[in-house]
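Letters A, B, ... mirror the listed sequences (proteins, then strands); counts begin at 1. From a predicted model like this one, the values you see are computed outputs, not experimental measurements. Hydrogens, waters and symmetry mates play no part in the numbers below; they use all other heavy atoms, side chains included.
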Amino acid sequence: MKLQKNNMSKTVISGIVILLLILAIGLMVSCNDNGSSPEATESDSSSASTTGVSNDAMAIAEARGLTPDDITAALKTYTPSGVHDEYIMFASGGHGGQVYVIGLPSMRIIKQIAVFTPEPWQGYGYGAEGTMEVLAGGNVGDSNITWGDTHHPALSETAGDYDGQFLFINDKANGRVAVIDLKDFETKQLVKNPIALGDHGGTFVVPDTEWVIEGGQYGAPLGWEYASLEDYNEAYRGMVTFWKFDREAGRIDTDASFAIELPPYWQDLCDAGKLASDGWVFCNSFNTERATGGVEDGNPPFEAGASQNDMDFLHIIDKNKAIEVAAAGKTIDVNGFPVIPLQTAIDEGLLYFAPEPKSPHGVDVTPDGKFLTISGKLDPHVSIYSFQKIQDAIAAGNFEHDDYGVPILAFEDVVEAQVEVGLGPLHTQYDDKGYAYTSLFLEPAVSRWTLGGDFSDLHEEEDWTLVTKTPVQYNVGHIAAAEGDTVSPDGKFLVSMNKWAIDRFANVGPLLPQNFQLLDIGEAGAHMPVLYDMPIPDGEPHYAQIIKADKLSPWEVYPEVGWNPHTNSIDPNAVALGEERIERNGNEVEIWMTAVRSHFTPEHVEIKQGDHVTWHITNVERAYDATHGFSIPYYNINLSIEPGEATTFEFDATEDGVFSYYCTEFCSALHLEMTGYMLIEPSE
Amino acid sequence: MSAIKKIIGPRVPENMTAEDKKLFRVPTILFGIAAILLVISIFLPYWEMELQAPQYPKGLHITAYANRLTGDVAEIDGLNHYIGMSPLDEAAQFEKSVSVLAIAALSLLILAAIFVHTKWVVLLVLPTILMPFLFLADLQFWLWKFGTNLDPTAPLSSAIKPFVPSVLGSGLIAQFKTVAMPGTGLYLAIIASVLSIVGLYFHRKAYKPLVDDSQ
């Protein structure tokens, strides 16, 4: 009872201190106003109202039952109208198949980028030729896939630091990788992995983004083939794919890409080495037991069968050597794609294993590139490996081998430290204060622990020790810290991507949103409070990356009128004002149209049933935000044409009738009038 | 020959003291500077208008050079079509087509004024003195013409009555606040104008006695 009272009075005192601080800041601001602007003295209410705000604030806090910590959190996150966020987070939208763009610290959703799933607002997949071609690039053979399970976004890097130019993300379900250009925040390319139907360990980029890494997941015969589970060990394989990124073209060059065949362990996450470890790639794995499931037949279910070994295998790949081997043509052709066979990888010395505990999730390279942190999902430790020790062990050549002949380094030879952080460690990020942060799925919490080596001087605590844990709500998967996987993390904010929300928001029925929680990691030591809860009502987001907002420099409008965002040049069918026309050639009808506030030209399009229609529209606007939509009923056409953009769609006029096309963006006071008639005359 | 002599007047005698010669140099320098300023002004904006509205946090800007309009002309034209105003580039087409030559001619005239020592010099200097005011008057004329000749079939013709934007200072059209101000080029032209007046004063002060003497 007494203790409680003490706590109470502490709370009250700190509350008063904070409110006094607000008052003092308010007074300072009002004094400055008075000093700098002559108008302020004239408006007599100025200083009175500023003082009044503080009184009001106190009353509001009391009425809403806000604690001093709540008020602090509000002050750290509240972003006034018109003020921009300091950081931008690119978060996977999970099986919604998209990417979320979120501002930090306000946690406002700023945009959703359509990636694997057709999305009408952006006119993505509803006729616009460029977007249809991008989506078709993600077809799996003849199968037209209309969703994705986005997992791990990767911002392009220059010298190991985010450069704000491109974003990559994978689709676990169908083993695909997307390229998003951050000049216009649009998806420009989907590539389908030719050798694996699914993936997981992507996307990760090397320090200068020449390569985008896509690691596999569930073992299967390479090249989407069939093999009986009886032949799992012989016919099933894992893989890692290296996609060559052509920064100039802004596209993955599939012809210059290759993969490495791996044993049928389930590769999980990967990371590229940087600085000290530049040139190497690390992937972890689980199910080195090679369990094949079959719980219905009395076999152990995967969850048990794949979790028997205390150690799985960290895959250590000499990327530069792999590139040489692939370039030398020491590959086999799988589904038209060059693959370095497992035996070649072993013979050429580009693949090594190191034991890692147990069914790990993340492998995360420290900012200096000297260590890798492995989170053993079913082991309460994070294990820190020294890159130098790995190199020494490889040089020493004292290997054991797995069943496939891959050399295995001795755990004790390569491990630098182990830190007991808690239950269910999954994924690690870094800051600028010599700390690492690891999510703890089971607790659930985010742990902060100290790094050793060159990071030792940055923190006061002992090296390789747990500093603090902050509970999060609930079941945290990945975490993302501000630039927390680059060579220079910022150490300001961390977002805990929680799989379950349970009671955090109003009950909206049995399907709940996910919960992104913003943590303040700016202060060293034990204090690492949760600042904000943000519901994500889409698929289950996995990883995110957080970039300083000023590193992004997207276009406000397309550089020139008639711009084709998919060729990054003036479209040959761009239309200037006054040059609109309709041409007929047999039953081929071609329309060149302009859109400007508040009319389309032409406003009458008369065609005949059975015509094939090719329709070009150019938005000739130069004003920021003057986007026009374009929709036609029945034919499932819906476009978003941003200022300057030229786009094309085609359809067969199968159905006769009168169809009103109209602008779907409320573009001006005369938006409703921005319409036209498409008249399709019956053929007979 | 003698008619030309009558107009350009007597030359400065060679046998003058350095102190006396200074007096003749003043108008030469002032006219010279005025001519240079005019030439420079061709490359600088003469007039600027900013339109402010909530939808345009950075404002919309038109910049008028002697011979062209730049800035958010397309966007302003786009907005103007709602009220039935003609495209801005249709205004003052003649003025824009001759302006560069005209200004060059002005500066040649004022350079010529250095060599004309009679009262005829006034004719050479007067265009430069009047130019900035003629510019503003002409601009005001076009603003009046465009603001009062709105297409009655335009969508917003019933909401926006014909209006005359002010050539300088601020006004209000629908949700737009307009602020018009002189550009650097116009300031240079005004300075040239003032220098011409001052130059003319010193010119007469120096040469009038000479002219009177020669007669």
ask   = Tell me, side chain or backbone of A:Glu621 under 4.5 Å from chain B's heavy atoms, or both, or neither?
value =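 Contact with chain B: side chain only.
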Other residues, nucleotides, ligands: >12 heavy atoms within 6.0 Å of [X] [atom1]:
{"X": "B:Tyr56", "atom1": "OH", "result": "yes"}
{"X": "A:Glu583", "atom1": "CD", "result": "yes"}
{"X": "B:Lys119", "atom1": "NZ", "result": "no"}

request  = Sequence neighbours left out, what pairs pass side chain to side chain donor-acceptor pair (under 3.5 Å) with at least one residue falling in residues 165-189 of chain B?
outcome  =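 Not a single pair qualifies under side chain to side chain donor-acceptor pair (under 3.5 Å).
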Side chains of residues 128-148 of chain B: which donor-acceptor partners sit under 3.5 Å, not counting sequence neighbours?
from, atom 1, to, atom 2, distance (Å)
B:Gln140, OE1, B:Val167, N, 3.0
B:Gln140, NE2, B:Pro165, O, 3.0
B:Trp142, NE1, B:Glu95, OE2, 2.8
B:Thr148, OG1, B:Trp144, O, 2.5

Identify each donor-acceptor pair in which a side-chain atom of residues 37-45 of chain B lies under 3.5 Å from a protein atom, sequence neighbours left out, and give them as a table.
from, atom 1, to, atom 2, distance (Å)
B:Ser41, OG, B:Leu38, O, 2.7
B:Ser41, OG, B:Tyr46, OH, 2.6

request  = Identify the residues of residues 596-605 of chain A whose heavy atoms come closer than 4.5 Å to a heavy atom of chain B, ordered by number, or report 'none'.
outcome  =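 Expected list: A:Arg597, A:Ser598, A:His599.
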